[in-house]
2 protein chains.
Amino acid sequence: MTRATSRRPGGRTARNTAAVLEATLAELGGSGYADLTVERVAARSGVHKATIYRRWGGVDELLAAALEQADHDSWTPPDTGSLESDLRALGEEVAAGFSSDDEEGSVATATIAAAFQSPAAAEALRAFMEERLRRCAEVVERAERRGEVPEGTDAAEVVRAAVAPVYFRLFISREEGAGQAAARAARVAAEAAKAGEFRGSPPGR
Amino acid sequence: MTRATSRRPGGRTARNTAAVLEATLAELGGSGYADLTVERVAARSGVHKATIYRRWGGVDELLAAALEQADHDSWTPPDTGSLESDLRALGEEVAAGFSSDDEEGSVATATIAAAFQSPAAAEALRAFMEERLRRCAEVVERAERRGEVPEGTDAAEVVRAAVAPVYFRLFISREEGAGQAAARAARVAAEAAKAGEFRGSPPGR
DNA sequence: TCCCTAATGCGACGGAAGTTGCACTATGAC
DNA sequence: GTCATAGTGCAACTTCCGTCGCATTAGGGA
């Protein structure tokens, strides 16, 4: 959508967009968010910095665009046979993804950081997480079809309960053991879901 | 501890420390983390910027020192009579504290943001949250004494389960309704604790 | 193929962030 | 009281970030 309003979406513009976003991801993976700068992205991509400032506006918007791109991937939640183990796999995936230094984890971590400083990044993160939660609903819906959980279970809320403790340890309390936390959170969330604690939409909806 | 290694902890040095940290908090409350800069703190506090750079090193370390100071406050967890309502009050306090623009919430939010960029800030945040979790254990211990939850319940883990979804909505998924989420998370955590799901230390300890 | 102009490249500029050397002040030991 | 020096103030300096005006290039309609 970045170029939806453009009058010349083809050729060089498209090439520049690709080069810049790719360079952004590479810089993130290499140096992290703290050292992410427009000048470095410009140098790596071969696109002039003035162009980047004009088209995106700054580092945070650049990051938002990169995340938006990542949003269009083909990720699907795990399917292991039971709600609890699906949730556990999900949580462990989160813990592993953010802990590792691979590109995907770096982008996500950087965006969480950037969201504190830029409305554009915050919005990009919100949209990304919304989409992820939407896809994760599948996990709960399968459980519902299996009869594991009652009908009308708020799928997103179950997933939130399962993964929130992992994120909490990673970025809020900054503790070790996010991976182990996934198992317990998954169990608690699954049990609560079976007991019908997550039935119906939350009050504020 | 900032001045523990100093050879001249008294007089002007102490006054400067107080003035700088107070100015840091004031700047945070007024303009937020994104606009927090050493120069502005220097101007507000009346301490020269070179001094601040020499003593702390940068904005993030400044913030870490301010949080460390806040760590020594007299905060205690709510005591409402039951585990679930205590946890709910706790979660709502978190949601309200971070949403509001008061000074305390600003410092905590800013530190979470700074923790992504500076090891010093990350460590300060970790220590702060550790202390908060330690104080919150009281809530679960009271419930244990009342017989609400089985003996040997991992208090910190119960609290994490109760507040993590609130933090998740605030800073990760960036959704609305963090306050409402507190109620459901508190209920789920309390029920799980009663069922003994949080008995014993987690595996990775 | 031609041509208008959107998009980019380029270099210079203003300003803010952070550093450094030097002089001075005030602390705390004696 | 005196004195060595830790700590601070000051100002100049170096980078780096972001912006701007203008020249140049290339997309895409004719």
Side-chain angles (χ1 to χ4, degrees), chain A residues 1-24 27-28 30-65 110 113-114 117-121, chain B residues 1-24 27-28 30-65 110 113-114 117-121:
Chain A
M1 82 81 175
T2 310
R3 294 294 86 198
T5 55
S6 170
R7 297 210 210 163
R8 285 186 180 176
R12 186 163 65 163
T13 297
R15 283 196 305 277
N16 279 347
T17 300
V20 167
L21 293 186
E22 185 189 338
T24 302
E27 279 294 320
L28 272 180
S31 315
Y33 173 65
D35 295 325
L36 182 66
T37 167
V38 171
E39 306 232 352
R40 294 181 64 165
V41 172
R44 184 189 278 259
S45 66
V47 176
H48 199 271
K49 68 168 181 170
T51 298
I52 299 181
Y53 278 114
R54 277 190 283 247
R55 296 239 332 247
W56 284 276
V59 169
D60 296 323
E61 290 82 0
L62 209 50
L63 195 49
Q117 313 202 10
S118 148
Chain B
M1 81 80 175
T2 310
R3 292 294 86 196
T5 56
S6 169
R7 297 209 211 165
R8 284 185 182 177
R12 186 163 63 163
T13 297
R15 284 197 303 276
N16 279 347
T17 300
V20 167
L21 294 187
E22 184 189 338
T24 302
E27 279 293 321
L28 271 180
S31 315
Y33 174 66
D35 295 325
L36 181 67
T37 166
V38 171
E39 306 235 353
R40 294 179 67 164
V41 172
R44 185 189 278 258
S45 66
V47 176
H48 199 271
K49 70 167 180 171
T51 299
I52 299 181
Y53 277 114
R54 277 190 282 247
R55 295 233 341 242
W56 285 276
V59 169
D60 296 323
E61 291 83 359
L62 210 50
L63 198 49
Q117 313 204 8
S118 148

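Below, chain A is the first sequence line, B the second, and so on; all start at residue 1.
OP1 or OP2 of D/dG7 has not a single side-chain nitrogen or oxygen of B/N16 nearer than 4.0 Å. Listed pair A/R15 / D/dG27 meets the phosphate criterion, a side-chain N or O lying under 4.0 Å from OP1 or OP2. Taking side-chain N and O atoms only, B/T13 has no distance below 4.0 Å to OP1 or OP2 of D/dG7. Not one side-chain nitrogen or oxygen of B/T37 sits closer than 4.0 Å to the OP1 or OP2 atom of C/dA16. Of the side-chain N and O atoms in A/Y53, one or more sit less than 4.0 angstrom from OP1 or OP2 of D/dG18.
Looking at every heavy atom in both residues, B/Q117 comes nearest to B/D60 through CB-OD2, 4.0 Å.
In this structure, B/S118 contributes its side chain and B/A114 its backbone to no donor-acceptor pair below 3.5 Å.
Side-chain contact check for A/W56 versus A/L63: every heavy-atom pair is 4.5 Å or farther apart. B/V47 places none of its side-chain heavy atoms less than 4.5 Å from the side chain of B/R55.
One interatomic measurement links the two molecules: CD of A/E39 to C1' of C/dA16, which rounds to 14 Å at whole-angstrom precision. For the pair A/K49 NZ and C/dA7 C1', the computed distance is 18 Å after rounding to whole Å. Rounded to an integer number of Å, the gap from CH2 of A/W56 to P of D/dT19 is 15 Å. To the nearest angstrom, P of D/dC10 lies 13 Å from CD1 of B/I52. A straight line from NE2 of A/H48 to P of C/dG9 spans 8 Å, rounded to a whole angstrom.
Of the two residues near DNA chain D, B/G46 and A/R54, the one whose nearest nucleotide lies more 5' is B/G46.
Comparing D/dC17, D/dA11, D/dA26 against the side chain of A/R12 picks out D/dA26 as the nearest.
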